[in-house]
Each structure stands twice: as C-alpha cells, then as structure tokens.
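Here is the structure we will look at.
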Amino acid sequence: MTSFTKPLIRRKNEPTNELGLVRSDYDGAMSTLCAGCGHDGVTASMARAFFELSIEPHRAVKVSGIGCSSKTTAYFLRESHGINTVHGRMPSVATGAIAANHELAYIGVSGDGDSLSIGLGQFVHAMRRNVNMLYMLENNGVYGLTKGQFSAAADMGSTAKKGAVNELPAIDPVALALSLGATFVARGFSGDREQLVPLIKAGLKHKGFGLIDVISPCVSFNDHKGSTKSYEHTYKYYNPAIHADYVPPTAQIKADYNAGDIMPIELHDGGQITLRKLENGYDPRDRAAAVNKLFESSQSDEIITGLLYINEDQKDMHEMARMEDRPLNAIPYEELNPGAAKLKEIQKGFR
Amino acid sequence: MSAKTDNLRVNDFTIKVGNVNGTGSASANALLMKIIFRMGVPVVGKNIFPSNIQGLPTWYEIRVTEKGYRGRSGDVDLMVAMNPESYKRDLEELSPGGILLYDDTWPRPHFLTRTDITVIGVPLARMCNAAFKVARSRILMKNVAYVGAVAALLDLDLDIIHTLLREMFAAKPKLVDLNLQAIALGYDYAKQNFGNVSKLKVEARDLTSDKVMMDGNTTAGLGCVYGGATFGAWYPITPSTSLMDAFVKYCKDLRVNPETGKHKYCITQAEDELAAAGMIIGAAWNGARCFTPTSGPGISLMSEFIGFAYYAEVPMVLFDIQRTGPSTGMPTRTQQCDIQLCAYASHGDTKHILLFPSDPSECFDMAVNALDLAERFQTPVFVLSDIDIGMNDWMIDELTWDDNYLPDRGKVLSSEDLKDMDKFYRYLDTDGDHIPYRTLPGEDPKGAYFTRGSGHNKYGGYTEDGAEYKEVVDRLVSKWASAADKVPAPVISTASKPAQGKVKFAIISIGSCDGAVVEARDKLETEGVYLNYMRVRGFPFSAEVKDFIDAHDQIFVIEQNRDAQLYGLLLGEIDVPREKLIPVLHYSGEPLDYKFVHNALSKELKTRRQVA
Ligand SMILES: Cc1ncc(C[n+]2csc(CCOP(=O)(O)OP(=O)(O)O)c2C)c(N)n1
Ligand code: SF4
Ligand SMILES: [Mg+2]
C-alpha cells in the first residue's frame, strides 16, 4: 500500500480566509483510518482552525508520536512540515524544534497510549517547560493501532470489546495537566466541532503549552456497550460547560457580555479568548477552582468539556531560556564564532 | 641514604598519590602537576577515582616525561600514601627503588617490611593540626602540605608555586596565605629531614611553552561553540557531564548579549536520554546545529531515536564518553566498549558514522567535524571519546582556529532554490551522491514534506512496497559508505626501519590507546622490532585502512574492551582474512599503560615468530 493523495477539488464561491485560501487548502493526504473513527473528526477540526486563523500552512509544524491518532498529521496541512516521530516521544522532538525556531505554530498530535503510558514522562515534562505548542491528545481509551488493548486512560470498570474489565484507575490527562501547571487546559469531543474548532484556535493562539484532551472514539475497538469512551456514552454524559472563542486582535471586541455569562481573557498577541456558558463565579484562571470543578463533575459521571484553565502570565520555554527574539536557526554563523584570537585568550587559563 | 648525583632520575618518573575522595585531594594534585608543567617539563595526569562523593579511595598519577610520552608508564616511583585504607595496596605497587611518602603522625612500622624502597615519614596531620584551627582546613591543608613535601624532594620551583597559588585564589587572598603556610610546613620538614634522599628530580626545561593542559570534555564543549552549535540537550551522566558544563560556560561567556542579557543558545536538561535525543532531532530537523553528550547507558536509551534519525535522515551529533560497562559497570573507569554499540546503534539495518579522537585536541577538531558531517550526510554522527580523554587534563598543543572556517550546512534548499523546481521530493537522489536535499519548516510551502520513520519511498510518500523500500535503504547504505573519505583519515606512522624477518607485523589501534602504543613501539624499536602503526580515526573505514591491512601479514589490534570490538568491526566491514588480525585487549578500566602493550606484543611476537 502506498499513500493516497487527496484530489484537489475547488468549488465555486468557496469561502476564503484572509490569505485568500479555501478550507481545502488546509487538507492533507487521504485518511487511512477506519470509517467513523473519532480522529478523523479531530483532523477536520484542526484543519478548519488553521483555516479560520488564516495561518499560512507552511508556517505551521505538525509533530506526532505513533498510533492511529498520531498518523493523522499526514491528513491535514499538506503544505506544512510534519514529523511523525517514535512512540511516546513527540514532546521531546517538539521541544527541540521549538527551541530552534519559536516563530512557527506548533501542533502536536498524540493518543492516550502514546501520551499516558510509554510517553508519560515526556508529556509531563513538556508541560513543565511550558513549551509553546498545542498538544492534541486524541483519547479513545484504547490502543487503536495495536488492536484494542486498554490504555491508561481507560476508566475503572470500563470493559474491553471482548468483555475484560479494566480494574486500574485511569490517568486523566486534564487532572495531570492542572496539577503540573500547564497553562491552557481543555477537554473536547471529536463529535462536537462547534466547540472544538474554537478551542483549537484559542489553544494555538495561547502562548505556552496548551492541552486539549479530545474524547475521540475508536469505532473498531472501543465503541461498544460498557465502554466509557464510546460515542453513546460520551453523548450521554457530555457537558459542554465552557465554550471558548478566539477573537483576533484586529477584530472589534464587543463589550456586551454579562459577568457570569461571558468572560474575556487577553492574550499576549493582543487578541482575546471569550468564554461563554460559565457558571456564576467560575473563573478559569483559578487553578484550584478548575481542579475542583473537574473532580466534582467526574464524581457525577459527567464529562465536562471546554476551556477549564488558562494562564497567560507564565513564561514559556523560550522566555525562560532567555533566548533572543530571532530564532536560533536564523542566527548567522559569524555571530556564533568567537574567532581564533578569542581561542588564544581562553587558553591562557589552561597554562 | 644520600642520593649520588650520578644516579639521579631527572624528568622521567611517575608520582602516584593515594587519597580519600572528597578531601580536596583533586586540587592539590592539580597544583602539583601544574607546577611541573610550568617548569617547562611535560606531564601526564591520570585521575583514577571512585563513583562516590566522599570517603572512598582515589588515586592520581602524575607522570613526568621529558620525552613527552602521553600514556602511563606502568611504574610508580614516588608513592604518596595518604589513605590508610589503601596503604597495603599502594605499598605493593611501588616500583623497586622507589620512594614512599606517608603521614607518620601515626607511625606504620610495617612499611619498613620492604627493603628495596625508601620510606619517608612526614607528620602531616600533626603539623596541620598544630597550625590550623578549623577542622575542614586541617584536612584540606594536609593535602597541600604533601605538595610542599614533594616539592622539596623533587626540587620544584617555589616561585612557581607561589605564582600558581596566587592565580588559583585570586578572588580569595586569604586562602593564598593559608596554602602557602601549608606548603611551607611540608617543604621545610622534608628539606630538613630528607634533604638529599630523593634521586627523582625535576629540572626546568622549555618544553611546554606552546602547550596547554586541557581535558577532552572541555575541548569538545568548546568545539561545539566554535562549530556553531546553538542547541544542546542532555541528561547528566558521568563522564559526559563536564562536556555540557563546558558548553554552558563558554556560551555564557561568549553568547550572551551584554545589553539585553539574551542568549544565542538554548541548553535543555532533559528528563532522560530518550528526550535528549528527541530534542536534538527536533532542533536539527528545524535547522539548528546541536548535539547531546552522553555515555554508554544513554546511547542504549537513545537507540530507537538513533534509528529514526538514520532512516528519516535527520542530522544528529552524539558524544559518547565511554565508561566501563556493562550496565552501571564501573562508571568512573575508562574503556572503549561502545564501538560496536554505536556503529550499529538501533534496530533494523543501521550503520553510522563514528569519529575516534585520541586526545583533547582531536576532541575539539572532531566536535566541529561531527557537526559538519551530520549535516552533510543528514545522519547520526558519534564522537567516541572516553573517561581518560574526557576527564583527565592532557598536555596538548595549543588549540588553533581557522578564521576562514565556514560550517558545512549540507544540502538545504532555500525558498529561492525551490522557486526553480517543479516539485520537491525529500528523498530523491538528484545529484547521484546518495544525499537528497532537505528543507526547513517555515521556509516555503513548496518545501513541505512529511518526515516519517515508517516505510517511505524516494518521494517521501508512505510505502509498504518492497522494491520502493529497498531503493531507499540501499541508497542509505551507499550514502553511509561514501562518508569513508570524509571522516578524518587514519594516522599512519611508518617504522624507522623496514620490518625485519619474513613476517611483516604491524599495529592498528584507536583513540586513547595512542600514547601507550607509541611508547611501546619506541621501546620495541630499541629492541630491534620495527612495526608500522595505523590509528583509525573514523568509521566507515577508508580505503587506506584496507590498504594498510593488505600491506602487512600480521596485525595487532590494540583496544580497550573485552570483546575485541574494533577487531570485529574491521573483520565485519573489510574483506580481510581473519588470521591476519590479532586482538590485544586491555579492559581493567584503568587507562592503558605502555608496559602492558610492550609485554603483550613481545609475548605475541615471540611465539608467532617461532611459528613463522
Ligand atoms: C517502542 C514501541 N512500542 C510499541 C509500539 C506499538 N504501538 C504502536 S501504536 C501503539 C499504541 C497507540 O495507542 P494510542 O496512542 O492510544 O493511539 P490510537 O491508535 O489509539 O490512536 C503501540 C503500543 C511501537 N510503535 N513502538
Ligand atoms: S482502530 Fe480505532 S483508533 Fe484506529 S483508526 Fe480504527 S477506529 Fe480509529
Ligand atoms: Mg488511543
């Protein structure tokens, strides 16, 4: 089997973005995932988010690990560089890439297996470093690509297709991210693009590490009765609690929101995220409140989604490393070479 | 017990200090070695230390060698026994006719059991306890006091000692006085009581004025700065840590904008070696020069990523400062035990470019070579140093730099280049040199491609087609082979006379074996044995390596590991008859000494000549 190229079909009157590109300019190769796989929905949402943000495709970078989810970086943004790394190690490659050039928009795609078992170490350390990227964790509770073993995200009591019951506690990436101080923590659902696309846009515009844990059902191995990551289960317990919209710096920001209903959050680029459907008093800049909310909702079996926590004030990796504004890969060698005379001088200390 | 001037041993002997680690002995020994170096006499220093922070035996050897030999002598002529725990062993190790200096605050009559040595007792602890009040200074100054005593025995230059101490403690003048006082204690006592005992003397020469004393990790770190690396990722592991320490130091000194405080570099302490490998892959893929220093255990962890970089063709520079394995092994002892590991690191068919420095000077040069080669060949490149090179101070020629150097950034297409192209395909060998062009993210929509470790065809597309797969991996091995004449050439040294006898013997060796091999070979020449010698410096092996083997009948392959890894690599990669190569193996973890090589070769030569 070789790769398929998606036919480029241009329709008349297709809407264009600020760059004059149409939505399909943000497509990639044809997906080879199972029909109905949640991941394809996420791919479409990512493509749409980049389109709506009018990001030049070649100024975006896609990074992924290994798994069905991680394959999807080939299925959108064909004019972006992508790197499909090794299992569980996408965060380190992203970290190095971002260190070399912080000016591009970085999106990481991973799965629950890729991030929460083999890759748990790299996942948490990228959050600690506040690497400026959006990390999409496409969560289906199983290892899809290796045919349906439980992942560490499988809920206690959830059953496998053949009936085995998971007795181990789940690792909740959102809880993990909150405890580690990730600076943008959200949960979404592949089946709700309405909510997901704006979340992705906000996450891309956030400076620092953004996590979106996306419930993304695996139709082949984890969509049966008894699974807590099936479409049916997710729709049943789904609570789109907090809706985030990204408003670019250029747009007129309408100030007609009522406190307790809409909350604006200023971004470093001058844009804004406006949050809707907030409960009275819930402030997503309050980490303790976010943690509380998360645990309360999980106790009532509710799947709370939306932007749960945001912190725009934290330094990102680039700032913490005190790097210049110019990307490292753009500094000419003349500025890096100390020269022969300096070498002589240095060696005086070794006599 | 007075020494006659006619049997003095001037500038050719070895001092060994046995001590307890964590007592400040390292700086005392460095001082001692520097004094001799400043007197213009070549020195070799070897630190044989434990994997421990405080309390275990540690040794330091200083060889004084007017001839400028670079290996260990295999003898100990002056033993400074400061550690009661290792007294017995230290006493045994002293060569006949040697001097034993010990702290006789507590007399040790059993030292007198050896009649073939001279025993010198200096009450170091007693004198220091009387002179210094603070407990910690009493311990530290005891070490400085033995430097004073040794200085008296060897006639070291007191002015130089004073100058050095003033330089060392420029920021803390109080310490200068304290140290000078301790030097005087040892010096005066030894002069008064043993003024004429020592036959070992240091006489000033002018043999070190264009030399420096540096360790290979410092020079490699400095090489990365000069080579233009802007990113480094690492996870601490002895003995590679000091390489990153050096890079950090020189970046801080040379790469910080004094006005803004902003850095022209980024150094990340990763969560483990897997992450360090991933980070440098990400940075290199994105166009930054970068590297990671590690040791054997780190290479093991990085293996999956190394295969990825090999197959996806991402530049990667790794320094493996080898230490004694397997597993944690003896982490502060030296070996050349990762040659095969690095040559074929990772699963699947993988072959890598290796560079083998033999001293800190080559570490500097090869750091730059490695950065160039990795980008030229778009592949992992390993610099295989070891503890001996990396952590010992070596006397080397002053490092030099060519201001005309420009980095070889390899085949990277700019937006401009892409304009004239119909379509860009990542893995197409358009130039017939097996090296495809790459593009950097962010440059141009036309340059976009998908980097994958999964099966891909020459266009960069996913494939599970056997023929398409083979086409790419066949090119990869040709690309690797074509590096043979781009890695540093072997150093071939022809014997001063042609080989005698029917069988033409020769030597092949590698890395830090060099000093001992050169000296053993000199010694053999004085005995009428003439051997050509080739030191390999890179892998894949160049044509010269095969020619050298073809030109000789029997070749000793001298290396520091149990399993004859270089020997295996030669046999596996070059078409030569197995019987030609004779492994000579040293793997105790201590740096190789010339006596070992001389003895091993003499024995082998004797039996083989009888057979021949
Ligand atoms: C080192 C290594 N071990 C095991 C595998 C096999 N493997 C491939 S994908 C995968 C699990 C992927 O699960 P997840 O990240 O949840 O992705 P999904 O397929 O569910 O989207 C495993 C175990 C591998 N590729 N590499
Ligand atoms: S196996 Fe599951 S996760 Fe993988 S493509 Fe099919 S539905 Fe998606
Ligand atoms: Mg999964």
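Side-chain atoms are counted along with the backbone in the values below, which use heavy atoms only and exclude waters and symmetry mates. Below, chains carry the letters A, B, ... as their sequence lines are ordered, and counting in each starts from 1. Given the structure is predicted, the values throughout are model-derived calculations rather than measurements.
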Top residue by heavy-atom pair count (under 4.5 Å) with chain A, among B:Pro445, B:Gly447, B:Ala448, B:Ala283? B:Pro445
Engaged part of A:Glu335 at the chain B interface, taking heavy atoms whose separation is under 4.5 Å: both
Can you confirm whether A:Ile83 sits close enough to B:Phe308 that some side-chain heavy atom of one is under 4.5 Å from a side-chain heavy atom of the other? yes
Which pair of non-hydrogen atoms, one from A:Val61 and one from B:Pro441, has the smallest distance, and what is that distance? CG2-CB, 3.7 Å
Do the non-hydrogen side-chain atoms of B:Glu443 and A:His58 ever get within less than 4.5 Å of each other? no
Leading residue by heavy atom contact count with chain A [cutoff under 4.5 Å; candidates B:Ala233, B:Gly287, B:Gly307, B:Cys290]: B:Gly287
Side chain to side chain, B:Arg452 and A:Thr85, heavy atoms closer than 4.5 Å: no
Using non-hydrogen atoms and a 4.5 Å limit, figure out which bit of B:Asp444 sits close to chain A: side chain, backbone, both or neither. backbone
Step by step, would you call B:Tyr462 with A:Thr32 a side chain to side chain contact (heavy atoms under 4.5 Å, CB included)? CA-CA 11 Å; B:Tyr462 180 80; A:Thr32 59; over 6 Å; no
Just so I understand: if I count every heavy-atom pair under 4.5 Å between each of A:Glu79, A:Arg322, A:Lys344 and chain B, which residue has the most? A:Arg322
Of all of B:Gly282, B:Gly455, B:Ala288, which one pairs up most often with chain A through heavy atoms under 4.5 Å apart? B:Gly282
By a 4.5 Å heavy-atom criterion (distance strictly below it), what part of B:Ala275 contacts chain A: side chain, backbone, both, or neither? both
Approximate separation, where rounding is to 0.5 Å, of B:Lys262 NZ and A:Glu319 CD: 7.5 Å
Which region of B:Leu222, side chain (C-beta onward) or backbone (N, CA, C, O), has a non-hydrogen atom less than 4.5 Å from a non-hydrogen atom of chain A, or is it both or neither? side chain
Roughly how far apart are A:Thr95 OG1 and B:Met279 CE, rounded to 0.5 Å? 4.5 Å
Just by distance, do the side chain of A:Gln347 and the backbone of B:Leu399 share a donor-acceptor pair under 3.5 Å? yes
Per-residue contact mode, B:Thr268 against chain A (heavy atom under 4.5 angstrom): side chain
Is the shortest side-chain heavy-atom distance between B:Glu271 and A:Arg129 below 4.5 Å? yes
Check each atom of B:Thr218 against the heavy atoms of chain A and say whether the ones under 4.5 Å are side chain, backbone, both or neither. side chain
When you look at A:Ile346 and B:Leu254, which way does the side chain to side chain contact (heavy atoms under 4.5 Å, CB included) test go after all the steps? CA-CA 11 Å; A:Ile346 289 171; B:Leu254 304 164; 4.2 Å; yes
For A:Leu336 versus B:Arg255, what's the shortest heavy-atom pair and its separation? O-NE, 3.4 Å
Do B:Val225 and A:Pro338 have side chains that approach each other closer than 4.5 Å (heavy atoms only, starting at C-beta)? yes
May I ask you to test the A:Glu324-B:His263 pair for a side-chain heavy-atom distance under 4.5 Å? no
Between A:Leu343 and chain B, with a heavy-atom cut-off of 4.5 Å, which part of the residue counts as in contact: side chain, backbone, both or neither? both
Under a 4.5 Å heavy-atom cutoff, which of B:Thr439, B:Val314, B:Asp402 has the most pairs with chain A? B:Thr439
Would you mind checking which part of B:Phe364 comes under 4.5 Å of any heavy atom in chain A, side chain (CB onward), backbone (N, CA, C, O), both or neither? side chain
NE2 of A:His81 to OG1 of B:Thr451: how many Å apart, nearest 0.5 Å? 6.5 Å
Against chain A, label B:Tyr226 side chain, backbone, both or neither, depending on which of its atoms sit under 4.5 Å from a heavy atom there. both
To check you understand the geometry: which heavy-atom pair defines the closest contact between B:Phe231 and A:Ala99, and what is its length? CE1-CB, 3.5 Å
Of the backbone (N, CA, C, O) and the side chain (C-beta and beyond), which part of A:Leu328 lies under 4.5 Å from a heavy atom of chain B, both, or neither? both
Counting neighbours of CD on A:Glu103 that are heavy atoms of other residues, nucleotides or ligands and sit closer than 6.0 Å, is the number greater than 12? yes
With a 4.5 angstrom heavy-atom cut-off, which part of B:Lys34 approaches chain A: side chain, backbone, both or neither? side chain
Name the region of A:Arg128, side chain, backbone, both or neither, that has any atom closer than 4.5 Å to a heavy atom of chain B. neither
Lys/Arg-Asp/Glu bridge criterion (N-O < 4.0 Å) met for A:Arg351, B:Glu167: no
For the interface with chain B, which of A:His125, A:Arg59, A:Lys342 has the highest count of heavy-atom pairs at distances below 4.5 Å? A:His125
Are side-chain heavy atoms of A:Val86 and B:Phe305 found at a separation under 4.5 Å? yes
Atom pair CZ (B:Phe450) and OG (A:Ser80), whose distance is rounded to the nearest 0.5 Å: 10.5 Å
Compare all side-chain heavy atoms of B:Leu274 with those of A:Ser92 and state whether any distance is below 4.5 angstrom. no
How close do A:Ala97 and B:Asn286 get, counting heavy atoms only, and between which atoms? O-ND2, 2.7 Å
Where do B:Phe37 and A:Phe350 come nearest, in terms of heavy atoms and distance? CE2-O, 4.4 Å
When you look at OH of B:Tyr235, are more than 12 heavy atoms from neighbouring residues, nucleotides or ligands closer to it than 6.0 Å? no
Give the intermediate values and the outcome of side chain to side chain contact (heavy atoms under 4.5 Å, CB included) for residues B:Thr230 and A:Tyr333. CA-CA 10 Å; B:Thr230 50; A:Tyr333 177 66; over 6 Å; no
Whatever's closer than 4.5 Å to a heavy atom in chain A on B:Tyr405 counts as both
Which atom names give the shortest non-hydrogen contact between B:Trp285 and A:Gly82, and what distance separates them? CZ2-O, 3.6 Å
